[in-house]
Amino acid sequence: MTQAFQKVTAIRGMNDLLPGASARWEQFEALVRDWLRSYGYRNVRTPVLEHTRLFARGIGEVTDIVEKEMYTFTDALNGDSLTLRPEMTAGIVRASIEHNLLYDRPHRVYSIGPVFRHERPQRGRYRQFHQIDVEALGYAGPDVDAELIVMLARLWKLLGLTDVRLELNSLGQPAERAAHRAALIAHLERHQDVLDEDGKRRLYTNPLRVLDTKNPAMQEMADSAPRLFDFLGDESRAHFDGVCQRLADAGIEYRLNPRLVRGLDYYNSTVFEWVTDRLGSQGTVCGGGRYDGLIELLGGKPAPAVGFAIGVERLIDLWEQTVPSEPVPECEVYVVHQGDEAQRLAAQVAETLRDAGLAVVVHAGSGSFKSQFKRADASGARVAVILGGDEVANRTASVKFLREGDQEGSQQQVPLAQLAQVLNTKG
């Protein structure tokens with residue numbers, strides 16, 4: 001006896017997108033691509049699988065992502081350690097170095113796609129999720145930092161979002177961070193009695209991340225810690241002031257958050273997050289900042305860079321709360337038919353209508369007109385084109401309007417030669 005096959009389900013935290021939901025994603029992605037194009041950003045696509053050392057080097061070996069969250073395995077063919085990308089910036093920088101992208105000029109690029117982190121799935125946090133990653137490579141000034149923030153404000157406006165707010169900070173330069181790090185470690189050592197396990201683990205490896213704690217028992221200690229902002233030199237302050245001035249010029253409000261550090265090691269100078277209260281604990285919709293040292297760190301010639309990443313699932317969730325989606329029709333025209341000759345003619349008519357730019361579904365197989373009309377209505381089509389024996393003989397089609405605003409319920413005979421013109425006119 002053949003053993004019954006055990007049903008396979010999706011991996012926990014890796015979700016299917018079915019046609020109804022994916023239509024909303026397609027609408028969102030089209031809007032996003034037009035928005036990015038309006039600022040001169042061009043698409044780049046990198047592999048989802050990279051050498052593990054790229055992320056260990058670029059993100060930082062003592063970050064949560066590298067220590068606990070990466071999907072890493074050994075390639076059975078050659079023994080290489082490979083990792084599904086947990087973020088996109090390192091891969092884009094690797095590609096820019098490998099292909100000499102910055103040889104002659106700076107570049108504005110973006111990528112949209114899946115990333116992978118092994119964490120506990122919950123609303124807004126999945127093991128496979130999607131990001132919009134935007135990078136300005138080779139740009140040093142505060143004008144581009146501000147441009148990225150301004151363009152995000154435009155995206156929120158395009159989506160109709162009004163409750164996303166900006167938090168801003170500066171991480172300064174390496175020497176400034178080193179001085180602050182020493183002062184911070186001394187502060188943490190004096191308060192070891194209130195540190196939780198994560199805090200103790202990060203005390204000497206990544207003390208800045210201790211300040212990003214959500215533990216209520218550590219808040220007073222974190223609030224009284226030395227502020228990195230107080231260690232900034234004149235050049236770092238001037239850069240940050242330049243960003244703030246341009247945001248004021250654009251009328252964009254922000255909150256200075258001295259504890260905003262981001263979760264990746266490669267950031268310096270400007271860092272920012274757009275946050276909301278409408279997504280529960282996963283309130284960060286977009287995060288980014290400047291990472292001037294990463295290109296050199298990964299083997300390229302020194303070059304400045306700044307960028308951001310948006311969590312697509314979180315942003316679509318927020319958009320859906322604000323502007324609920326409406327069902328997207330499968331097609332504009334649904335062709336129903338009766339008899340073999342009509343079925344063959346339906347296929348030809350449909351191709352002619354597609355040539356005219358219409359989206360057309362031909363009823364597959366046979367069935368009564370009643371059952372076919374039921375399917376036509378369910379498709380969301382605004383028009384049903386009817387082909388039966390009389391229509392085949394007369395080279396005509398019956399056109400029935402299915403939707404309000406399209407003379408709903410009315411029906412007329414149209415010569416096949418004029419069908420595309422009539423349907424486009426009525427549309």
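Between E341 and R344 no salt bridge is recorded (no basic side-chain N to carboxylate O distance below 4.0 Å). Under 4.0 Å is where a charged nitrogen must lie from a carboxylate oxygen, and between R255 and E167 at least one such pair does. The residues R24 and E320 are annotated as salt-bridged, a charged nitrogen and a carboxylate oxygen being separated by less than 4.0 angstrom. Taking 4.0 Å as the cut-off between side-chain N and carboxylate O, R246 and D249 do not count as a salt-bridged pair.
Defined by atom type and a distance below 3.5 Å, a donor-acceptor pair is present between the side-chain atoms of S236 and E176. In the model, R42 has a side-chain atom that pairs as donor or acceptor with a side-chain atom of H107 under 3.5 Å. Defined by atom type and a distance below 3.5 Å, a donor-acceptor pair is present between the side-chain atoms of R33 and Y110. Counted by atom type alone, Q321 and D317 present one or more donor-acceptor pairs between their side chains at under 3.5 Å.
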Determine, step by step, whether F240 and F229 satisfy the side chain to side chain contact (heavy atoms under 4.5 Å, CB included) criterion, reporting the C-alpha distance in whole Å, the side-chain angles of both residues, the deciding distance to 0.1 Å, and the verdict. CA-CA 10 Å; F240 189 71; F229 203 83; 3.5 Å; yes

Steps toward salt bridge (charged side-chain N to carboxylate O under 4.0 Å, His left out) verdict (D377, R403): CA-CA 9 Å; D377 188 60; R403 296 284 173 257; 3.0 Å; yes

For S398 and Q412, what are the C-alpha separation, side-chain angles and deciding distance, and is it a side-chain hydrogen bond (donor to acceptor under 3.5 Å, both in side chains)? CA-CA 6 Å; S398 296; Q412 65 185 78; over 6 Å; no

Using the rule given for side-chain hydrogen bond (donor to acceptor under 3.5 Å, both in side chains), can you reason through R154 versus S38, listing the C-alpha separation, both sets of side-chain angles and the distance that settles it, and then say yes or no? CA-CA 11 Å; R154 179 176 293 274; S38 74; 5.6 Å; no

The test is salt bridge (charged side-chain N to carboxylate O under 4.0 Å, His left out); show your working for E98 and R94 and say whether it passes. CA-CA 6 Å; E98 184 174 344; R94 188 269 309 151; 2.9 Å; yes

Carefully, step by step, assess N215 and D196 under the rule side-chain hydrogen bond (donor to acceptor under 3.5 Å, both in side chains). CA-CA 8 Å; N215 187 340; D196 57 19; 3.1 Å; yes

Assess whether side chain to side chain contact (heavy atoms under 4.5 Å, CB included) is satisfied between S96 and L137, documenting all intermediate values. CA-CA 9 Å; S96 74; L137 305 173; 4.0 Å; yes

May I have the step-by-step check of side-chain hydrogen bond (donor to acceptor under 3.5 Å, both in side chains) for T270 and D145, ending in yes or no? CA-CA 7 Å; T270 309; D145 300 28; 2.8 Å; yes

Should R165 and V275 be marked as a side chain to side chain contact (heavy atoms under 4.5 Å, CB included) after you check the CA-CA gap, both sets of side-chain angles, and the distance that decides it? CA-CA 5 Å; R165 62 186 182 276; V275 298; 3.7 Å; yes

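The closest donor-acceptor contact from the side chain of N100 to the backbone of Y103 lies at 3.5 Å or more, if one exists at all. The main-chain N or O of E69 is never found under 3.5 Å from a side-chain atom of H118 such that the two would form a donor-acceptor pair. Counting only distance, with no hydrogens or angles, the side chain of E313 and the backbone of H130 share a donor-acceptor pair below 3.5 Å. A donor-acceptor contact shorter than 3.5 Å is absent between the side chain of D133 and the backbone of A309. Panel note: side chain Q128, backbone N15; no donor-acceptor pair is recorded below 3.5 Å. Looking at S371, its side chain never comes within 3.5 Å of a backbone N or O of G367 through a donor-acceptor pair. Side-chain atoms of T205 come within 3.5 Å of backbone atoms of R201 as a donor-acceptor pair (strictly under, hydrogens ignored). The backbone N or O of A359 lies less than 3.5 Å from a partner atom in the side chain of E332, making a donor-acceptor pair. At distances below 3.5 Å, at least one donor-acceptor pair connects side-chain atoms of H363 with backbone N or O atoms of S366. Formation of a donor-acceptor pair under 3.5 Å by the D80 side chain with backbone atoms of L82 is not found in this model.
In this structure, R237 places its CZ atom where more than 12 heavy-atom neighbours from other residues, nucleotides or ligands lie under 6.0 Å away. Residue Q219 qualifies as enclosed at atom CD: its count of foreign heavy atoms under 6.0 Å is above 12. A 6.0 Å sphere centred on CG of D34 holds more than 12 heavy atoms belonging to other residues, nucleotides or ligands.
The cationic atom of K400 (NZ for Lys, CZ for Arg) lies less than 6.0 Å from the six-membered ring centre of F373 and within 45° of the ring axis. Both tests pass for R108 against the ring of Y139: distance under 6.0 Å to the centre and angle within 45° of the axis. In this structure, R314 forms no cation-pi arrangement with W319, as its terminal cationic atom is not both closer than 6.0 Å to the ring centre and no more than 45° off the ring axis.
Atoms CG and CG, from L158 and L31 in turn, are 5.5 Å apart once rounded to the nearest 0.5 Å. Put simply, OH on Y267 and CG on D292 are 12.5 Å apart, with the number rounded to the nearest 0.5 Å. With rounding to the nearest 0.5 angstrom, the CD1 atom of I310 is 12.5 Å from the OG1 atom of T284.
Taking the side chain as every heavy atom from C-beta outward, R278 and D163 approach each other to under 4.5 Å. Between L161 and L315, some side-chain heavy-atom pair lies under the 4.5 Å cut-off.
Aromatic rings of F272 and Y254 (six-membered ring for Trp) have centroids beyond the 6.0 Å cut-off, not under it.
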